[in-house]
Amino acid sequence: EYGAGVFAHDEVKSIIKQRREFEYSLKGYQREKMDYIRYIQFEMNLEVLRLCRMKQLNVTSTGKISQWAGIKHIHTLFRRSVHRFPGDIRMWLQYIHFCLMAGSFIQ
């Protein structure tokens, strides 16, 4: 989708920079639950923006990696967060809610 004009070159650079900063925060020893929550929220907002822009531009992505890559990345972030904080019921419930909203029933 990046090549299809959904995001401008400068936007892609900004997205990469933000993702890199989030990943650095999750690799450190002082990782906090809020680090995971902020990163997940960023990716969810990015996915919503991507879908809105695709709709505005009338771009279809049937069968393309970008159709499911964002959702898969959010799943990965949730799995990392519940692995790091297994006793956090609220995080588990947010993950379950995301799975239901995304239509992801099998992992």
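The model shown is predicted, which means the values in this text are computed figures rather than measured ones.
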Parallel, tilted or perpendicular: rings of Phe22 and Tyr39 (30°, 60°): parallel

Which pair of non-hydrogen atoms, one from Tyr29 and one from Arg84, has the smallest distance, and what is that distance? O-NH2, 4.3 Å

Inter-residue atom distance Cys99.SG - His75.NE2, 0.5 Å rounding: 4.5 Å

Evaluate the side-chain proximity of Tyr36 to Leu77: yes if any heavy-atom separation is below 4.5 Å, no if none is. no

Output the distance between atom CD1 (Ile40) and atom CZ (Arg80), rounded to the nearest 0.5 Å. 9.5 Å

Those residues that, when tested against Gln41, pass side chain to side chain contact (heavy atoms under 4.5 Å, CB included) (two or more places apart): Asn45

Within a strict 4.5 Å, meaning less than it, do heavy atoms of the Thr76 and Glu43 side chains meet? no

Is there a continuous path of hydrophobic side-chain contacts, each under 4.5 Å between heavy atoms, that joins Val48 to Leu100? no

Give the cluster check for Leu49 versus Ile16: same hydrophobic cluster or not, with ILVMFWY residues linked at side-chain heavy-atom distances below 4.5 Å. yes

Testing the basics here: between Val12 and Phe7, what is the closest heavy-atom pair and its distance to 0.1 Å? CG2-CB, 3.9 Å

Calculate, to the nearest 0.5 Å, the distance between atoms CD1 and CG belonging to Ile71 and Leu51 respectively. 7.0 Å

Supply the members, apart from Leu93, of the Ile/Leu/Val/Met/Phe/Trp/Tyr cluster built from side-chain contacts under 4.5 Å; use none for a lone residue. Ile89

Qualifying residues under side chain to side chain contact (heavy atoms under 4.5 Å, CB included), relative to Met34, sequence neighbours excluded: Ile37, Arg38

Under the side-chain hydrogen bond (donor to acceptor under 3.5 Å, both in side chains) test, residues paired with Glu11 that sit two or more places apart: Arg53

Roughly how far apart are Cys52 SG and Glu47 CD, rounded to 0.5 Å? 10.0 Å

At their closest point, which heavy atom of Leu57 faces which heavy atom of Val6, and how far apart are they? CD1-CA, 4.0 Å

To the nearest 0.5 Å, how far apart are CD1 in Ile74 and CZ in Phe42? 10.5 Å

Please name the pair of heavy atoms, one in Pro86 and one in Trp92, separated by the smallest distance, quoted to 0.1 Å. O-NE1, 3.0 Å

Please name all residues satisfying side chain to side chain contact (heavy atoms under 4.5 Å, CB included) with Gln30, sequence neighbours left out, ordered by chain then number. none

Heavy atoms only: give me the nearest Arg31-Phe85 pair and the separation to one decimal. O-CZ, 4.3 Å

Run the side chain to side chain contact (heavy atoms under 4.5 Å, CB included) test against Glu32 and tell me which residues pass, sequence neighbours left out. Asp35

